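Take a look at the structure below.
These numbers were taken from a predicted model, which means no experiment stands behind them. Whatever order the structure lists them in is the order used to number ligands and atoms, beginning at 1.
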Amino acid sequence: MKDHMKKNSILKSIMIGTPEIEIFIRQSSRSRKISLKLSRFDNKVYLTVPNEGFIGQAEEFAREKEIWVRKQLNSLPSAIRIKPGVFITIDGVPRRVSISEMRCVSLSDSDLIIPFNDNKFEVRVKVFLIELARQRFLELTEFYSLKIGRNFKSITLRDTKSRWGSCSIEGNLMYSWRLIFAPKEVLEYLVVHEICHLEEMNHSERFWNRVESLMPDFKTNREWLKVNGSELHRYLI
Ligand SMILES: [Zn+2]
């Protein structure tokens, strides 16, 4: 993992065009030339360069390809940029993103209320959602950990796509914060799943029986993730 990070480290990000598109410049020791790509993993645009010496040239390249980049971004079927007026699902419930004069971000049954519309808007929403996800994961993980009598060591939230969570032999748990967009019971299922790995580090029958003993209808939630999981990545945040 560390090795991979080193090879693909982000050098900087640039903004091109109007409305602005953020492009991340990353270095890859394996690449020989500049390449531009929309990642389906996180819906972000990446410029890959062999080394820092290519940055200037890469920026120019990105500006020349602006139309192509826009086309690629528009081709994302369900990408949603977080801005006032759009709906995002939190706990599986659609909430309208709205602006108010209050100082803090808050959540009501129908709205996600943001203080004001400055250039930190998306960051504010993201920080709020990650924090909300952290509280949920922490509460549920502590609850189920007590219930099965196994301790966990740490909880980390990430933005991953290949898997929604993981549990190491040492008891370090990782969850995708994007599960905050999913129905509450789906997020809970992930906790149950990872907590059961503290007992069984595999997906054996014994493992699934343990999951079922804690959450009898876990299959519905597992299926929900299989069918709708990509929806949680549609928000460009
Ligand atoms: Zn598993």
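- Between Tyr235 and Phe181, the ring planes lie tilted relative to each other; the angle falls in the 30° to 60° range.
- Screening Asp111, Leu107, Ile113 for a side-chain contact (heavy atoms from CB on, under 4.5 Å) with Arg95, the sole residue that qualifies is Leu107.
- For the pair Leu190 and Asn221, the minimum side-chain heavy-atom distance is 4.5 Å or more.
- Counting only heavy atoms from C-beta outward, the side chains of Leu146 and Glu142 never approach each other to under 4.5 Å.
- A donor-acceptor pair under 3.5 Å links the side-chain atoms of Asn51 to the main chain of Gly53, judged by distance alone.
- Listing protein N, O or S atoms at distances below 2.8 Å from the Zn ion (ligand 1), with waters left out, gives His193 NE2, His197 NE2, His203 NE2.
- For the ring pair (Phe, Tyr, Trp, His ring centres under 6.0 Å) test with His193, the passing option among Phe218, Trp164, Trp208 is Trp208; the others fail.
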